[in-house]
Every structure is written in structure tokens, then in C-alpha cells.
Amino acid sequence: MTPESRAEKLQKIAPELLEELKEKKEPEKGLPPLEINDQLVMRFAPNPNGPPTLGSARGIVVNSEYTRKYNGKLIIRFDDTDPATKRPMLEAYKWYLEDCEWLGAKPDEVVIASDRLQRYYEVAEELIRRGGAYVCFCEQEVFKTLKDAKKPCPHREQEPEKNLENWKKMLRCEYQEQEAVLRIKTDIAHKDPAIRDWVSFRIIRTHHPRQEVGDKYCVWPLLDFESAVEDHLLGTTLIIRGKDLIDSERRQRYVYEYMGWTYPKTMHWGRVQIYEFGKLSTSGIKKAIAEGKYIGWDDPRLPTLRAMRRRGIRPEALRKFMIDLGLGETDISLSLDTLYAENRKIIDPIANRYFFVWNPVELEVEGAQPKIAKAPLHPSRGGVREIPAGTTVLVCRNDVDTLKAGEKLRLKDLYNIRITSIAPLKAEFIGTDMDLVKKEKARIIHWVPLEGLKVKVLSPDGEYTGIGERGMEKELDKVVQFERFGFVRIDSVSGDEVVAYFTHK
RNA sequence: GCUCCGAUAGUGUAGCACGGCCAAUCAUGCGAGACUCUCACUCUCGUGACUGGGGUUCAAAUCCCCAUCGGAGCACCA
């Protein structure tokens, strides 16, 4: 039965259902809709141990998209409770806020976990009182062996009073690192070993990098605990996070149960791998920067948001890209082509065009008169750029490599030539008629006068140096297109030297 | 070893909660062509997927079971 005849038939027997038939036809675009009862409160919770990356962007964008759409509250919470292994980076706090704002995701509230240790201690104490936590002195391997055998350790049945006493000692820094931890009592025989009595606090003697905190504390919560408590304190109603934290939720629910709290709704997404960047870790990048392999956190070869911004990626493009990824739990490995396509749609209509000749080679044109070429600033928006051409111009080595003596070609927006010699490269002027291109299908190549700007383009796959036409120095901080090369953002101009960051083709 | 997730074209995604509008959506990529004084943009056409096997049913991408593959957790990392 065709949809039409079906609808017709339905019209006869049950016209009231026809509406429903139509509704299902239109799928929801963008993120899946949410069922919201109360106010929506969401948080984005990074560890500021490095600058935000494309991976962070997904969290930032999706959270902000939902809170924007449902008029909710967006919180950024810095989970900086590990001063040692994943030591926070002082500048990163600021960078996160900057990049969130750049992405159009300015948070309504900023929370720093390392400022709120007292609150976590209070909950811990209450948990101990209620018999939901105990101070454990087992060595790691000893506990692991017991745990794997589903056996409780001797400290598990300690009286709350005694636990409280030991906990106070922990807080007074009377123990060394590794000597004592606070464990949450779950089910030591739980079928999933990942759930059994987990550690909520441990002793760390390393100073926290934040001046406000410094060496004030030696007892630090682990993520599972800190996050569990904060999500409650902040009134979070929906958490979206990676599916690597699914087990974490099962652990945290024990805390919620002891405290009589309600666990927020949760959604998870899979792992994201970006084809172009492979396996770069924050610590690895940090090291490589220190060694001078990258020029900084905004090196165009890096997947940081600072690098994307410097390259001229627009936040709207990044937002759309992230939203289109959806909320799947599948692990995905993606290529940035789609992001680039999205970005191109935004910048192509506004980017002015210029000539940039990389690996320049001199080309002498016999019989040519010096002339000022007039080329459009943009193919459809109007505006003209004037490029003075002498009798010798520069062209790309790549083009020269494919030329043959005798070949006729057009220097774009200038005139036609015939190659008379390859080495040294020489040609003769043969007119200005466009018929050469239209009828004889001659190639068009771009060129640049001898007196150009020194241009360096930093791109994900290396550096290009060459000569660019004058005029682009006025486009500082703008994205322009180097014809037959790609889009770039003019990053700096000093005298006759221009540095540009490659955006994409 | 134990436990938990997931599987739709090259890539990403829609459809799956409620089986029939699905010979499966959209984007990107790729191919061909048109346009163009750029290899860009735009337009047109094309390309290509329900992991496998069973089951339930009049009907399965959708429900159930098994297998396979991929990922994650079992840290005093986040």
C-alpha cells in the first residue's frame, strides 16, 4: 500500500489518527529532545591540566546547547583535585573560560573543586557516621587480593567512632602518603569488581598549584567522590559524559543512597578519535612543547581550541559539527573534513582572495609591458585589488615542474604567455585575449610581483614559505583565501613579513 | 579472569523506547558534468550501509537469543 492510499484509507476509517501519521514523518534535527520536568542544571567538568581540545568542545557545546534550548543553567566545574598525577595548569583555568566564551557557551557559574574541600570533608564525616565509609590501612596489593576474592579487609568492620578518629588524624596529616585511605562501603561481593569498596580520599603531600590552596590540605578526594558530591551540591539534573564513566555512576550511587540524595539523570557518549591528530595526550604535548617541537599550545598541528581559533575556524562551525555528532554511545573515529566543510560555508563568502606563491621561481616575460593587474578581491562580492607586474614575476615551483617549453598559459588576471625555456624559466608575451583559456583550454596559474611580502604559512603538515601580493597585510586577524592554495588566517604582520595560519583547503 | 557498553554507506548521523510509512535520512567524502580568469565556491547527476546466524511475527534496521567484532571499568588518574 502506498503512503498516499494508506492516508486516504485512514482518512475514511479514523481521521483523528491522521495527525499522528504526519507527525512521525518529520524527524527531529540536532540533538535528541529532552524530557524536562524541573529546571535543567548541567555542568561541564574538566580537569584544567591542559587547554581545552576538540574533545572538550563536545562537552562544552552539547551542554551549552541543551541549557540554551531548555533555558537551563550551565556550570563549569574544575575538577582539580589531583595536585600530583594530573597536576592542574594555572593558565588552563583561564583558557577554559576564554574558549567557552569563544564557543558561545559562557557558563552561568564557575566552580573550582579545590576551593571546596571542606564541603567534601563534611560529607565524608557524615558518611563515616552512617557507616558508609571506613578508613583503610591496607596496602594496595593486599586490598586488591582481598577484593578480587570478594573478601572484606580487617578495617571494613571498624566502628564508626574509630573511623572518625582515624579520619581526623588523616585530616591533621598524621599519616604519610599511601598509609591510609577512606573507602566507600559498597558490596564487597558485588559481581562487578569495579564496584567493590572504592577509594574516596587519599593522602597527597604535593602542593596544589593554585596559590589559594597551596599546601592547605593533604587529604584529597578522588573524582568519583568529588564529582558525586558536587553534582548534588550544585543541583545538577542532567549529566552528559563519556561512557568510560558508566561504572563510576554505579559507584557513586552508593554515596547517594547513604546520604538520601537523588542521582541526576545521565547520558553517555563513546570515545572520539580524530583521524588527523591520532593519539596525542595532554602530557605528551606538554613535553613536546617544552622540547620545542611545537611552538606552543596553539601550534596548528595541535587539536586544541586555541589552535583552531588561531587557524581561523569559526565557533559556529565547531558548534554545528559537535551537535551533528549527536549523543551516540558508539566509539567514533572522525576526520575533520566535515568541520572544514562547515567552516568553509561560513568563510568562503567573506574571505578576500590573494595570490601567494610558495617555492617561488622567477619567470621572465619577453615582450611584456609593465602593467597593473586588476583582480577581484572576491569572485562574487566585488572590490578590486591592483597588482603591479613588471616584466619578471614569480610563479610556483609546483607549476613550473609540470610545464613544457612551447606551452601556452595564462597568468591569472594578467596576460597570456608562451614558455620559451624551462631553465632558466623564460616566456614570451602572446596577448591578453581570454579566448586562449576559453577556446584553447590553456591553463591558468597565479603569480606574484618580485616586490611582494615575505609570507610564511604554518599548517598542520608543515611550513610553507613564499611571496604574497601586497594588500593582505591589511587583513590582520582575518581569514583570506590564497588562491589555489587554501584559506588562511593572517596571524601577524611586521614590516614586509606576514605569518599566516592555514585554515583548510 | 570478572563486569559493563556498543555495532546503519569510506566517515559521521537519522530511523530503534511504540515492528508495517525504510528498496533506509542528512552531511561529508569520492566519481562525472555545468559554471567560473582559483585546483575554491555554487549547481546537477551518480556512488555507497542495516556485523553474522537463529527465533518471534502476516510483517524485523527496529523485539528475543547466540556468535563475532570494537570500546571501557576492575587505580591512593581525571
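Because the structure is a prediction, the values reported are computed rather than measured. Below, chains carry the letters A, B, ... as their sequence lines are ordered, and counting in each starts from 1.
- Counting only residues at least two apart or in different chains, side-chain hydrogen bond (donor to acceptor under 3.5 Å, both in side chains) contacts with residues 265-274 of chain A comprise A:E249-A:T266.
- Note: CD1 (A:I350) to C1' (B:C41) measures 13 Å, nearest angstrom.
- Spacing between atom CG of A:D435 and atom P of B:C37 amounts to 12 Å, rounded to whole angstrom units.
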- When every nucleotide of nucleotides 5-11 of chain B is labelled 5' to 3' by its protein contacts under 4.0 Å (heavy atoms), B for base, S for sugar-phosphate only, - for none, what sequence of letters results? BSS---S
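- Under the side chain to side chain contact (heavy atoms under 4.5 Å, CB included) criterion, A:T282 pairs with A:N49, A:W297, not counting sequence neighbours.
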- Bracket notation of RNA chain B in which parentheses pair within the strand, [ ] cross earlier pairs, and | pairs with another strand (Watson-Crick or G-U, under 3.5 Å): (((((((..(((.......[.....)))((((((.......))))))...(((((..]....))))))))))))....
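- Pairs of residues two or more places apart, or lying in two chains, that qualify as salt bridge (charged side-chain N to carboxylate O under 4.0 Å, His left out) and include a residue from residues 142-151 of chain A are A:K144-A:D148.
- Considering only residues two or more places apart in sequence or on other chains, A:R58 meets the salt bridge (charged side-chain N to carboxylate O under 4.0 Å, His left out) condition with none of them.
- In this view, A:C218 and A:C173 satisfy the disulfide bond (SG atoms under 2.5 Å apart) rule, not counting sequence neighbours.
- At the heavy-atom level, A:R353 lies under 4.0 Å from base atoms of the strands shown.
- A:W167 places a side-chain heavy atom less than 4.5 Å from the side chain of A:V219.
- Residue contacts shown for A:D399 include a base, since a base heavy atom lies under 4.0 Å away.
- Judged by the 6.0 Å distance and 45° axis criteria, A:R385 is positioned over the aromatic ring of A:Y354.
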- Item | Where protein sits on nucleotides 42-49 of chain B, one letter per nucleotide: B base, S sugar-phosphate only, - none, heavy atoms under 4.0 Å | --------
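- Between A:L31 atom CG and B:A14 atom C1' the separation is 13 Å, expressed in whole Å.
- Remark: the separation of the P atoms in B:G55 and B:U47 is 34 Å, to the nearest Å.
- Residue contacts shown for A:R410 include a base, since a base heavy atom lies under 4.0 Å away.
- Listed by first and then second residue, the salt bridge (charged side-chain N to carboxylate O under 4.0 Å, His left out) pairs that reach into residues 178-198 of chain A are A:R156-A:D197, sequence neighbours excluded.
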Below 3.5 Å between N/O atoms, which protein atoms pair up with nucleotides 62-64 of chain B? Just atom names and distances, please.
none

- Do nucleotides 73-78 of chain B as a string where each nucleotide becomes B, S or -: B if the base has a protein heavy atom under 4.0 Å, S if just the sugar-phosphate does, - if no protein is that close. BBSBBB
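- Each side-chain hydrogen bond (donor to acceptor under 3.5 Å, both in side chains) pair with one or both residues in residues 76-85 of chain A, not counting sequence neighbours, appears once here: A:R77-A:D79, A:R77-A:E226, A:R77-A:S227, A:R77-A:D231, A:D80-A:Y93, A:D80-A:S114, A:D82-A:T85.
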